[in-house]
2 protein chains.
Amino acid sequence: MSTLSDVAAVAGVSKATASRALNGRGLVAPETAGRVLAAAARLGFVPNRAARELARGRSGIIAIVVPTLDNTFFTPIIAGAQARAEEAGFQLTVAVHGPDAPGAFARLASQVDGFLVVAPRGSDTLVVGTSAAKPAVLVDREIDGMTSVVADTAAAFGTLTTWLAAQGHERIVYVGGPEGSWQDRQRTAAVQDAARRAGAGLTVLGPCPATFAAGVEVTPAVLETGATAVVPYATSIGLGLLLALGTRGVEVPRDLVVSTEPTVIEALGLEHTPAIDVDGEELGRTAMGLLVRLLDGQDEPGRQVRLAVPVRG
Amino acid sequence: MSTLSDVAAVAGVSKATASRALNGRGLVAPETAGRVLAAAARLGFVPNRAARELARGRSGIIAIVVPTLDNTFFTPIIAGAQARAEEAGFQLTVAVHGPDAPGAFARLASQVDGFLVVAPRGSDTLVVGTSAAKPAVLVDREIDGMTSVVADTAAAFGTLTTWLAAQGHERIVYVGGPEGSWQDRQRTAAVQDAARRAGAGLTVLGPCPATFAAGVEVTPAVLETGATAVVPYATSIGLGLLLALGTRGVEVPRDLVVSTEPTVIEALGLEHTPAIDVDGEELGRTAMGLLVRLLDGQDEPGRQVRLAVPVRG
DNA sequence: TTCGTGGATGGAACCGGTTCCATGGGACCC
DNA sequence: GGGTCCCATGGAACCGGTTCCATCCACGAA
């Protein structure tokens, strides 16, 4: 492992100049910079992260805190954040916050430069309090004063409901998400509003955890309403529904339309089925982008970004 | 943020002694150590990770490299590894290796102390070569000379096949996993062996990517064989099968038995359906445990651990 | 009493970068 | 031609720990 001193020696300059040349800061003669860069390349120089962190007083690590890894809604977010972090020269660590969220934050806070917080549930004050120690960006939820980025699924659910009503569906079911979910509150309101405007009957079921099993379980209740269209909170719930409907001989979408996401439609060859298309990677990427700006002081906390969510009718 | 110097000053000792007391190494008089610990507690001292890394020449970070986060087989492994890493005082970063696996390794290698490698596919030499720079533990795959831990699903698949044959199934289908998968080779061999011994007819389909959509797609081919039992490589494939069978009016398990995992059985209320129960968290925990021992020099590379996988008939 | 021994402690070097500050030299202007 | 200013560069301090080595002290043995 070669060090900065080695590079400096080979290039015939001091450590100080070598450091400046490699970081692109400060003023270095182009010719000198070229020599340093060449030397670094030849030696395969990789800066020692620990030394850099110590000198800069920054860890270069960002933590993304998610409730679980078992929900495929979160994983693309992580992937997107990871990609963007790498571009910006940060490392990402994934922390799963179980029941002991505050404890987990406290332990991490001194180790990282900032947080990406994915906390769909839990009280506002808890989220704010635990992530106050370091700059943080809230993902897919909004709290006043906190920087956040959300997929505007509420609007998408509204559009989708309107579309269903326009297709002649007079009885629609919305299967709600987990208890206390911020997004569920938004979506419920949007769906109710859209149904009311369109004059369609709406039944709201739930709360339901965002799992496959919950979708299976809620199926009888859905059928009981006599509805011709279902809008489930999450893809996992929708899959559970589809599976349970299949075993009951209910044909989709002939007997009942179940809204879902494009990948499911494609996989199953469903037709005449509406879908919303949340780009989780984009969500993660954007959130990380905001956090990097916060850390660089290019942005003040509190900015709220909404990403449009396409609806495919 | 208080530093070691602060702690030393408060305790009335030198930095050297304070360090020794806090790390439990070297010899420190019990009375002195007590004073240092008390001072540290009072000041809320948290050692600066970067400084410690720099001095020790160890980063304290371990990377787990997975092919994707979208497969729920990998995520519990990460969770288990994460838990064990925390116990041992390591941080875990999750790296997703896309097409550029060697590049990803090279960039990471200088930043971390070791690797957990989850590489179900890809050639042996590639895996060995890319992870040779740092101590590594291979997860759910075996390569001579590398430390590894695998869930012995091959044995479980064999047992399961035997059980199916004993239940009277004369025609069985095994839906194979992704092309080049090490586990798939093991499982195929085990299933073939068990079927032959039991005198049951076996059709091997595939290769199939471990996705939901692949399960849907393979369904017609499965039905065509006239088999009464299917053993899919992965849970995701099995779910696709179940879904597609439902839409075709094939009742499970009356018309066709589909082996799966316990959580699916429970969710769907399936009966008379065999399941194998891979404990992903345990896999991750064990792998991390092995890596920690490697890093501490308590173990030589090359140890291979197999975890038994229960079969529920 | 003195020497040897070993445990507790402190001083200081060191890990590998970053950055403040001082210095030197060249170009430009008067 | 001389003075000024600015830019490129180097020296050295510093980030906050760890650890080698020397020192000091107390105790037991000769």
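A note on names: the letters A, B, ... follow the listed sequences, proteins ahead of strands, and every chain is numbered from 1. In this text, all values refer to a predicted model and were calculated from it rather than measured experimentally.
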What string of B, S and - do you get for nucleotides 7-18 of chain D, 5' to 3', when a contact is any protein heavy atom under 4.0 Å? -SBBB---BBBB

Mind checking what makes side chain to side chain donor-acceptor pair (under 3.5 Å) contact with [X], not counting sequence neighbours?
| X | answer |
| --- | --- |
| B:Asp70 | A:Thr75 |
| A:Arg306 | A:Glu142 |
| A:Ser5 | none |
| B:Asp124 | B:Arg141 |

Show me the protein contacts with nucleotides 23-28 of chain C, counting only N or O atoms at under 3.5 Å.
none

Reported OG1-to-CG distance for the pair B:Thr93 and A:Leu92, which is rounded to 0.5 angstrom: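 Here the rounded value is 8.0 Å.
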
Does a salt bridge link B:Arg303 with B:Asp144, judged by any charged N lying under 4.0 Å from a carboxylate O?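 Judged by the 4.0 Å cut-off on N to carboxylate O distance, B:Arg303 and B:Asp144 do not form a salt bridge.
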
Partner of A:Val36 under side chain to side chain contact (heavy atoms under 4.5 Å, CB included), chosen from A:Val10, A:Leu22, A:Val28, A:Leu4: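 Option passing the side chain to side chain contact (heavy atoms under 4.5 Å, CB included) with A:Val36: A:Leu22.
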
